[in-house]
Visitor: 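One structure, as structure tokens, below. Some questions next.
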Amino acid sequence: MTIFEISKEGRIGFQLPDNNIKDFEINLPEHLLRKSLPRLPQVSEVDVVRHYTNLSTKNYSVDVGFYPLGSCTMKYNPKVNEKVASFEEFSMIHPFQPHETVQGALKLMYDLKEMLCEITGMDDMTLIPSAGAHGELTGMLISRAYHLSRGDTKRTKVIVPDSAHGTNPASARMAGFDVIELKSGPDGRVDLNELEKVLDETVAVIMLTNPNTLGLFEKDILKIAQMAHEKGALLYYDGANLNAILGRTRPGDMGFDIVHLNLHKTFSTPHGMGGPGSGPVGVKKHLAKFLPIPEIVKTEDKYTLNYNKPESIGFIRSYFGNFSVMVRAYTYIKTMGKDGLKRVGEMAVLNANYLRVKVSKIMDIAYPGICMHEFVSTCEKLTKETGVKALDIAKRLLDYGIHAPTMYFPLIVHEDFMIEPTETESKDTLDKFAQILEKIFNEARENPELIKGAPYNTPVRRLDDVSASRKPVFKYNFEE
Amino acid sequence: MTIFEISKEGRIGFQLPDNNIKDFEINLPEHLLRKSLPRLPQVSEVDVVRHYTNLSTKNYSVDVGFYPLGSCTMKYNPKVNEKVASFEEFSMIHPFQPHETVQGALKLMYDLKEMLCEITGMDDMTLIPSAGAHGELTGMLISRAYHLSRGDTKRTKVIVPDSAHGTNPASARMAGFDVIELKSGPDGRVDLNELEKVLDETVAVIMLTNPNTLGLFEKDILKIAQMAHEKGALLYYDGANLNAILGRTRPGDMGFDIVHLNLHKTFSTPHGMGGPGSGPVGVKKHLAKFLPIPEIVKTEDKYTLNYNKPESIGFIRSYFGNFSVMVRAYTYIKTMGKDGLKRVGEMAVLNANYLRVKVSKIMDIAYPGICMHEFVSTCEKLTKETGVKALDIAKRLLDYGIHAPTMYFPLIVHEDFMIEPTETESKDTLDKFAQILEKIFNEARENPELIKGAPYNTPVRRLDDVSASRKPVFKYNFEE
Amino acid sequence: MHRYIPHTEEEIKEMLKEIGINSIEDLYMDVPKTIEEYNLENGKDEFSVLKEIKSLSKLNKVFEPEKVFAGAGIYFHYIPTVVETLSNNQNFVTAYTPYQAEVSQGTLQALFEYQTMMCELTGMDVANSSMYDGATALAEAMLMAVRINNKTKILAAGSINPEFLATSKTYCTPQNIEIETVKWTESGTIDLEDLKSKIDDNTSAVVVGYPNFFGIVEDLKQIKEILPDNVVYIVVSEPIALSILEAPGKFGADIVVGEGQSLGITPNYGGPGIGFFTTLAKHVRKMPGRIIGETKDVDGKKGYVMILQTREQHIRRAKATSNICSNHALMALKNAIYMSVIGPEGLRKVARMSYNATHYLAEKLVEKGYNLTFNGPFFNEFVFNAGENYYEKWKTMANEGILGPLPLEKAMPNFKNSALACCTEVNTKESIDELLKHF
Amino acid sequence: MHRYIPHTEEEIKEMLKEIGINSIEDLYMDVPKTIEEYNLENGKDEFSVLKEIKSLSKLNKVFEPEKVFAGAGIYFHYIPTVVETLSNNQNFVTAYTPYQAEVSQGTLQALFEYQTMMCELTGMDVANSSMYDGATALAEAMLMAVRINNKTKILAAGSINPEFLATSKTYCTPQNIEIETVKWTESGTIDLEDLKSKIDDNTSAVVVGYPNFFGIVEDLKQIKEILPDNVVYIVVSEPIALSILEAPGKFGADIVVGEGQSLGITPNYGGPGIGFFTTLAKHVRKMPGRIIGETKDVDGKKGYVMILQTREQHIRRAKATSNICSNHALMALKNAIYMSVIGPEGLRKVARMSYNATHYLAEKLVEKGYNLTFNGPFFNEFVFNAGENYYEKWKTMANEGILGPLPLEKAMPNFKNSALACCTEVNTKESIDELLKHF
């Protein structure tokens, strides 16, 4: 039932204190005065509590179980981070308070930036971008500003591997670039020959993630960096997969010029049903002047904000980014420290490889051999044999109380699962996942229709998203 | 799965800071040193989070739906009360701090006591008892002290109606009294003739609740009070049903000498799976000196605790009672005020009567006519007809996502439900309950086995509590 | 051993064996080891971390909400406790994008209801399930306008929030979209003559504030009347104001966007808030962001799914309407809970009280001889000349516990000694009178 | 209209009609109207209430936990954030007694696990699912002892927490059970000679602390050796201490009770904490309180239910083992979550750190010339002679942010100028050194 159906004319859920001020007449032209109130729900407090409590039970979350969504790094979100973010000294401050009254916030952001620079091997960083894709756009705009600042106006292209996240080409396009899709080599990595073919003086940036979306480390990364730089292009690092290399190597050390991070992946801020995230962008020294406005400046005795950056790409959103997400990431880094972060990387990679070996006994691994923090497997054979698709297996996993891996991505593998266990899962959980997967494969061979009809044990059964888009219903129909 | 089965030797969920103090050798005889550690779980933080989050989803609570458990007053528990109780100024204070440093806590308790005296019409009150039954015991001990103080040693009996809560006789017994069960009249109320028969100079107390457990108001209450007092007995009020008379009349006005309250019923503090509650006990002036230790005293410039009460019944527990429950009740009373509390009483009674009429079309009402905050219905006819018992119907209600009413109580009605909707439920909810009840009765007539097999849609199906008590398993078996 | 990482040494050994390698080191054969360790501290227990950050947090000053007279896009409002309690439910907080709809009905239904509420407020057909903030919502609205009519000039009222405008410029420039600002009149509303004169064949959209950055309510009807048919009409609005202002949809707006922080979200030092984005059904395929739609499951039971995903980056890649992927869903939930609790009458009362408080403050300032900069109708913010050295006075007030009207000079250099005052329902007569003592 | 009460005027009318009456007044025909209205304020919105109570709360002083050296039954310990987060889950908080087991498995399993953990700590067979506090748990233990052997004299060490003893007296007196106290020796342990001399044919039980109120660890073995077989051996213990002290069950205890606040519960000004209550299987039918047991459902699936309810008041009425109905289940949940997070090694570390801190403080006080009152082995509390006017010094320290060792005089008038010092793992060397400056 929707909250609108619970609503009852005249019921209230809220009471306001008196401010002891008389009613002023509203001096607006009649036609600007609202005639009928918006049809918001009219409910009591208990109605609201029950509605949202019951909705919450219809969600799968990291707090209820394994969530091996490849590329999304669904690790455990520590509760102490939530507590810190709720301090009123962080949540109840206005962005335009005098700097003297927000030294704690400014110092936190400054220190976080410094820590993230150390972790990425970059020289400077902005915390403003609100999400990974926002960071990518910021990075592309910085690249654009950089080339233009050198009078280099011919660089209109960005090279993106065909295995890249969809946000990469979209972000490049939003920054006004044309996108060249780079075909992956047979080993799932960048094909240097292919790269050489497309890499010329019109290329502004090469966007990579390393390890890539197949969970494979680009072994030739130093060579790629050299090639890019020789041609005058910048090398961009999509930080979605940073978890894998924590404590071992850094984008800056590999030759990347720009990097974005996803604080809601690597640094364990919760995903919030899709956001808010935070996508800081780090750069090498030569690009620092292009970072967006404002910048946090540390002077001898205090922290301030600098809005006067003539070569900056400018504002990319209001205020300073998603501050309370930063607070959580800061808490996480302080908690983990250099030793803990190293352990994160190691155990994330260990988990992925262990699960890869387990899964390889059930379905094919797209690119066998040691992987990093995730791997891609395919059920193409099963599909040919039984008609059961990756989608069906995904839905059947839901019946067993496990969230499905990322499906049908990257696009270069078919009927695939992209599986990222993260470091916070135990061996027991991975074993259980493999057991269930095997059970489902057996079910699929014995009774494919069973799997095609899944899920059965979920709050709703398989939903029709085709007609949902064909005849879209965007909002509740009050006339129902 | 139990938390013990998730446990893994060597796993940790917790880290402690260093206190910078060297290890002292433990100077205890060898035989007092623990040889093997208790087998507590060894789990990571995420294990703990998932375990308890998943357990929480196996509970029915007020926050998910209707909970018409008669006599328990399962009303909505406002969230702001929880927030207030979590203020560290309330949760992080030690009971033996200097009084100067806990003036807020003492004033809160003093004011709460005053407000509760006003609501009950009593002259003084203790907030110390931790639950209703604890309050009853306190009240019985006060009665005992009162009679003894007057040299009246022959009063060994307490009269309790046969419809009373089981705690009443048990509490009287714990205070050393013998219990006389008073048979209810045909109208479900105290039978004055019966009362007269047993009321003599050996009776120390008459314990009543008004409205009584059948939801009926004892119309003859003033007469009963007169009879009690004439014989030198005290009249005790079980506050479980106070919700019904809020804003209308007061136990003190009806002639009661002692009253206990259930802050977790009338005053909306949450029930916490069974507690902690709080059971303040109010008395008329002549009994004040017997109240337990300590008492909160207001002097001109501050609040203090007085432990020097020579005629007091003494300590009934440690410290001052369940302070954080009191904080919630205080917040509730401040929120509701005199107008809100009156509305609570009225709507609680309105809801009960509306539902009574609705239910009367489906099953018999034990004592027809206007009821107060709750009523008792019986399915005896259906049981005779189909073999389906009240228990079966209760279990079937669970399948429809509703908590069952109190069953098989009071003992003087058979195959009964005691239904208390409370004021926080809407007409829609009551209508829905009646609809479902009707549906179940229809199901029972058409297919009694279906109902006898219920529930089907719950985390577990009907549990065997007979053999659970016959061959009890008190704890997890580590050798399993 | 770490409390967030469950592996025991024993398990690590078993896992390495299963993988067929000897050590963790072997997992990294492809990866150059470029660092021994980060130049960071070692990890800490939670109590040490809490203590350290608590002490850091104390370097921030929290003003009593009733003594805050600063707005400019981020507002202090009463937030019922249940908003916090319910939106902190970890089944919402630790879920991700509802890729598996069957186990995400909580998320999906909540967002569908949020969309409905935003449509109600704005009078539009469709809302997406959120953008990052008001600034990026406006920037994306401009890009969308260009997708609708393939023209490349945007005329934006100069009275739009300066950070919104600056962000839009950052987004538009690389795509060769030009933003030209339109003057304002003495009343603080858009200069219709200037607007008329700037509209040409290449004009893709016109953007106005409702209310605008100065708190002034634009006359959406008058503006619409001078717009050519194919110009996209973009309104930047404030959701609380929309409970007393007629819905922009009634005046022919094509896109209504804005910052939704005022609907139950704490100020958070400016983020996260939420960008809301609504439009007409006919434009929906040009719209950025995630949209939730209603559908049915195989048993005919009602359910919700993400719809029209072919607009989005993960399918459409370089041809997507936007690159947005993560959005601000959790904030949309807070908005929805807030609107559920407060209801239509409550929202109007919030607006009415804000209006009254703001006009009381303005009236008193005028009585004291201060001049309001504009004479147009305003909602809960207004600009006035605060006198010489206002910036110093403002800092003095801050020391005394008042966050006074914001000095405008930094954001808008032409407004020397001007201040942008804001009141909401949290400001009382008493707190306003206390503020007035400083004037 | 009230936000907690959903009825609209329209609905009230419909409901009255269905009932067949004309007004609310008609519902009360049986009820005398004795008041027009309470002499209380009218109700308020939540923000006014929050403001008022927040300001009231500020009259309480919160000491930094590391500067608290007061124990006496309520202790400051580190509590992991997850304890709070998980136990605040409203599906636990707003549920009641698991009368309908099939929809209460969360409650039941959590309590079953709690019982298991308490059995592990104490070395006993069975735990109930909670009592109100340590004092009432002890009082009920005495009543239980009398039920076991029908004798009526209890011998209790005089070193038991005075409030526990006083409460027990209140409970026992009406049932004509006599409590006689046993002296302590110079070492602070029970005087075995005195005990021996007081044991007679009517002795139902012997009660000792482990550690006792002075922090001194009794030798449970020695005591057991002098007890006649049919005397019930009751041990009052402290759960944190039990991670380094051998379990009382190993020494033949019949009942082990105590206060469980130290296991993850905030001090709460003394309540709610929780009373734990454990015993041997052979005594279980004499035990008070609710017990959860394991069973199976009709499909053979494991589940949990309340068991042995025939002992309880709602069935047994006047013949019940106790009148207890509401207990402290939510606190048992906090205990269980705490013990789950901290684990066996963590609990021992807490105990060890507490031990070290306490002994460091004692060592330094002795170095400064202060005398410890007892020379027996102590855990995390000890008594010392704090010198003249200690009560004033204690208040001075409080003004300086230290909650010093508790003056014992009030609770135990014989202990003039004595103080009961306590350290736990939250007290650091630095904070102890700061305390020592006052001595």
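Side chains included, hydrogens not; waters and symmetry mates left out as well; all remaining heavy atoms used. Chain A is the first sequence line, chain B the second, and so forth, proteins listed ahead of strands; every chain is numbered from 1. All of these numbers come straight from a predicted model, not from anything done at the bench.
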Visitor: Is NZ or CZ of D/Lys54 both nearer than 6.0 Å to the six-membered ring centre of B/Phe87 and within 45° of the ring axis?
Guide: yes
Visitor: Specify the closest pair of heavy atoms between B/Glu423 and D/Ile5, including all atoms of both residues, with the distance to one decimal.
Guide: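 For B/Glu423 and D/Ile5, the tightest heavy-atom pair comes out as O-CG2, 3.6 Å.
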Visitor: Among D/Val103, D/Val93, D/Asn91, D/Asn89, whose side-chain contact (heavy atoms from CB on, under 4.5 Å) with B/Ser61 holds?
Guide: D/Asn91
Visitor: Measure up the D/Phe92 and B/Tyr52 rings against each other and bin them: parallel (under 30°), tilted (30 to 60°), perpendicular (over 60°).
Guide: perpendicular
Visitor: May I ask you to decide whether D/Glu11 forms a salt bridge with B/Lys427, counting only side-chain N to carboxylate O separations under 4.0 Å?
Guide: no
Visitor: Taking the six-membered ring for Trp, is the centroid-to-centroid distance between B/His134 and D/Tyr132 below 6.0 Å?
Guide: yes
Visitor: When you check the gap from the basic side-chain N to the acidic O, do B/Asp464 and D/Lys296 get nearer than 4.0 Å?
Guide: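 Salt bridge between B/Asp464 and D/Lys296, a charged N being under 4.0 Å from a carboxylate O: no.
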Visitor: Among B/Asn59, B/Asp63, B/Val62, which residue satisfies the side-chain contact (heavy atoms from CB on, under 4.5 Å) criterion with D/Gln90?
Guide: B/Asp63
Visitor: Please tell me whether B/Tyr67 and D/Tyr96 form a close aromatic pair, meaning their ring centres lie under 6.0 Å apart.
Guide: no
Visitor: Is there a ring pair (Phe, Tyr, Trp, His ring centres under 6.0 Å) between D/Tyr269 and B/Tyr319 once you walk through the steps?
Guide: CA-CA 8 Å; D/Tyr269 200 43; B/Tyr319 318 113; 9.0 Å; no
Visitor: Does the side chain of D/Phe76 reach to within under 4.5 Å of the side chain of B/His94, using non-hydrogen atoms?
Guide: yes
Visitor: Report yes if some heavy atom in the side chain of B/Phe90 is under 4.5 Å from a heavy atom in the side chain of D/Asn268; otherwise report no.
Guide: no
Visitor: In plain terms, say whether B/Lys334 and D/Glu41 are close enough for a salt bridge, that is, a side-chain N and a carboxylate O under 4.0 Å apart.
Guide: yes
